[in-house]
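Written out below as structure tokens is the structure these notes cover.
The model shown is predicted, which means the values in this text are computed figures rather than measured ones. Below, chain A is the first sequence line, B the second, and so on; all start at residue 1.
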Amino acid sequence: MASIQAIRGTRDILPGEIGDWQTIESVARTILGCAAYQEIRTPLFEQTDLFERGIGEATDVVGKEMYTFKDRGDRSLTLRPEGTAGVVRSYVEHGLHAQGGVQRLWYTGAMFRYERPQAGRQRQFHQLGVEVLGSSDVRADAEVIAIANQILQTIGLKNLSLQLNSIGDASDRSNYREALVAYLAPFQDQLDPDSQHRLSHNPLRILDSKDANTQAILDKAPSILEYLSPDSQKRFEQIQALLNDLGIPSTINARLVRGLDYYTHTVFEIQSEDLGAQATVCAGGRYDGLVSQLGGPETPAVGWAMGLERLVILLQQLQAQKLPSVDFYIVSRGEAAEAQALKLAQALRQSGFKTELDLSGSAFGKQFKRADRSGAAACLILGDAEAEAATVQLKWLKSGEQSAIAQTELLSNLDQLRQQLTHATA
RNA sequence: GCGAGCGUAGCCAAGUGGUUAAGGCAGUGGUUUGUGGUACCACCAUCCGGGGGUUCGAGUCCCCUCGUUCGCCCCA
């Protein structure tokens, strides 16, 4: 194809589906506002180093999925593959911790990962996420999960499940890692190739393997939950109790480990039954070590991110798109009438009516046809006679009732008009 | 990065080697130069994602390429 098209893994969001995006954003904005979270906007690209140190060099996201390039000053920059690292960098750089207390932040925007595009996965995609910085209270973990849950419920999504796990602190994990490797070593030959490789590099991720044989071997493997210290254990029990009190059902999944290195203790995912292989709609957890790792003071933190494209897919599954209809469709013919029609349209718009002006100049019959298709409640008609008398024909399209009214009178009785509109559309 | 499927107009879609590429929806014009939603008529792909090859002849077969879908990896 000779014409230029959007590059692989990117997509235009056209007017027909923008409503779903706006629904999701406004629901989230309202809920986050009520929970006293503040929006933060950070740059789309950062020093490459930030992601390498923050996310972990051994992770796939950093190892093979980053959009990294040199700028003209020979600096290595990377299009952000996720939101947390940038938010934490900003938090440290601007000394937000010095403001004391807990910082509750949220963000939304485009993220970039160089992956093979697939349903629910693109190279440029959008996330909405929250970060609570400065609290180690278990209630913070519960709060962020409750908010995620509230957003998804309010949007109207069904068939979701919350999976919960604890991966303990660094020492719990290193104890467990040893135990897991000790258990798996004798089975090394029977593991799938990826898992064999991970045995030496990142053994915990073997738990995630979808290979049936590997999973069978894992059935008798030790569980991370048996290796939690008493403190970690207590945390995990508390979070479960809190969610239970909040009436949020959850499932413990001891094999849930996340792909980014910075997580500690609580990790969770919310999955949908109605998506394909990319079923995770929201994921997150606690990351107590990240802030200090990026040069800030020891700061406990917890957060999550949602994949907006995936939410849009789910939203589209459960509602037929209905075209937004307009209040008034204005048809006109003749020089004077056309000029008056424009003025009338502006006046109605300024008063908050959704008003569409027919610009075609074609025959009245054609204009009426378009008026009908626009789904307008009423049609305003201006021809030579109306222009002369400074009146306008007001026609209710559903009933077909039509009457002449002075333009000034129309504009001075807007409240009444508004009432008639709600009746006409009801 | 790997495996498999698909790619015909804005959308859905027939066509499986032989002159001019069905049909439906949408769109545009008309019947109707001041009144719509129904109906009827007309128009709407010199071309089958792109490039190359086989053939007397290709949308139809082969190769490459791009895109897309599903899965793996991984992830939101």
Is [N] paired to anything, Watson-Crick or G-U wobble with both distances less than 3.5 Å, and if yes, which nucleotide?
{"N": "C75(B)", "answer": "none"}
{"N": "G59(B)", "answer": "none"}
{"N": "U68(B)", "answer": "G5(B)"}
{"N": "G34(B)", "answer": "none"}
{"N": "C47(B)", "answer": "none"}
{"N": "C25(B)", "answer": "G10(B)"}

Measuring only the [atom1] atom in each nucleotide, how far is [N] from [M]? A whole number of Å is fine.
{"N": "G59(B)", "M": "C48(B)", "atom1": "P", "answer": "7 Å"}
{"N": "G34(B)", "M": "G30(B)", "atom1": "P", "answer": "12 Å"}
{"N": "A58(B)", "M": "U16(B)", "atom1": "P", "answer": "16 Å"}
{"N": "G50(B)", "M": "A9(B)", "atom1": "P", "answer": "10 Å"}
{"N": "G52(B)", "M": "U38(B)", "atom1": "P", "answer": "46 Å"}
{"N": "U31(B)", "M": "A14(B)", "atom1": "P", "answer": "37 Å"}
{"N": "G18(B)", "M": "A26(B)", "atom1": "C1'", "answer": "34 Å"}
{"N": "C70(B)", "M": "A13(B)", "atom1": "P", "answer": "16 Å"}

Does the distance from a Lys or Arg side-chain N to an Asp or Glu carboxylate O, for [X] and [Y], drop under 4.0 Å?
{"X": "R139(A)", "Y": "E143(A)", "value": "no"}
{"X": "R333(A)", "Y": "E338(A)", "value": "no"}
{"X": "D141(A)", "Y": "R286(A)", "value": "yes"}

Donor + acceptor pair across side chains of [X], [Y] (<3.5 Å):
{"X": "Q188(A)", "Y": "Q196(A)", "value": "no"}
{"X": "T68(A)", "Y": "T78(A)", "value": "yes"}
{"X": "D192(A)", "Y": "S195(A)", "value": "yes"}
{"X": "Y91(A)", "Y": "E131(A)", "value": "no"}
{"X": "T280(A)", "Y": "E269(A)", "value": "yes"}

Handout entry: Where at least one partner belongs to residues 302-314 of chain A, residue pairs that pass side-chain hydrogen bond (donor to acceptor under 3.5 Å, both in side chains), sequence neighbours excluded
Key =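 Checked against side-chain hydrogen bond (donor to acceptor under 3.5 Å, both in side chains) - neighbours excluded - the pairs reaching residues 302-314 of chain A are H126(A)-E309(A).
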
Can you tell me the distance, in whole Å, between the [atom1] atom of [X] and the [atom2] atom of [N]?
{"X": "E25(A)", "N": "A76(B)", "atom1": "CD", "atom2": "P", "result": "20 Å"}
{"X": "Q5(A)", "N": "G49(B)", "atom1": "CD", "atom2": "C1'", "result": "8 Å"}
{"X": "Q271(A)", "N": "C75(B)", "atom1": "CD", "atom2": "C1'", "result": "11 Å"}
{"X": "D208(A)", "N": "C75(B)", "atom1": "CG", "atom2": "C1'", "result": "10 Å"}
{"X": "I7(A)", "N": "G49(B)", "atom1": "CD1", "atom2": "P", "result": "23 Å"}
{"X": "D192(A)", "N": "C2(B)", "atom1": "CG", "atom2": "C1'", "result": "14 Å"}
{"X": "Q278(A)", "N": "C72(B)", "atom1": "CD", "atom2": "C1'", "result": "10 Å"}

Exercise for the section: Give, ordered by number, those residues of residues 113-130 of chain A having at least one heavy-atom distance below 4.0 Å to an atom of RNA chain B; if nothing qualifies, reply none. Expected result: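 Correct list: R113(A), E115(A), R116(A), Q118(A), A119(A), G120(A), R121(A), Q122(A), F125(A), Q127(A).
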
Practice task
Name every residue in residues 81-89 of chain A that has at least one heavy atom under 4.0 Å from any atom of RNA chain B, in order of residue number, or write none if there are no such residues.
Solution key: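 Hits under 4.0 Å, by residue number: none.
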
Exercise for the section: Can you sort out the partners of Y329(A) under ring pair (Phe, Tyr, Trp, His ring centres under 6.0 Å), two or more places apart, ordered by chain and number? Expected result: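 None.
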
Exercise for the section: Describe the nucleic acid contact of G9(A) in one word from base, sugar-phosphate, nothing, applying a heavy-atom distance below 4.0 Å. Expected result: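 Sugar-phosphate, backbone atoms only, no base.
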
Practice task
Classify the nucleic acid contact of A305(A) as base, sugar-phosphate or nothing, counting any heavy atom under 4.0 Å across all strands shown.
Solution key: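 Since only primed, P, OP1 and OP2 atoms lie under 4.0 Å of A305(A), the category is sugar-phosphate.
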
Practice task
With sequence neighbours excluded, tell me which residues meet side-chain hydrogen bond (donor to acceptor under 3.5 Å, both in side chains) with N159(A).
Solution key: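 So N159(A) forms a side-chain hydrogen bond (donor to acceptor under 3.5 Å, both in side chains) with D274(A).
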
Completion exercise
Whether each nucleotide of nucleotides 26-36 of chain B has a protein heavy atom under 4.0 Å at its base (B), only at its sugar-phosphate (S) or at neither (-) is summarised, 5' to 3', as -SSSB--SBBB

Exercise for the section: Tell me whether the guanidinium CZ or amine NZ of R418(A) lies under 6.0 angstrom from the six-membered ring centre of F353(A) and within 45° of its axis. Expected result: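 Yes; both conditions hold, so R418(A) lies above the ring face of F353(A).
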
Practice task
Please test Q127(A) against E82(A) for side chain to side chain donor-acceptor pair (under 3.5 Å), starting from the C-alpha separation and ending with a verdict.
Solution key: CA-CA 8 Å; Q127(A) 287 189 337; E82(A) 56 101 53; over 6 Å; no

Problem - Most 5' of T10(A) and C282(A) on RNA chain B, judged by nearest nucleotide - result: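 Result: T10(A).
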
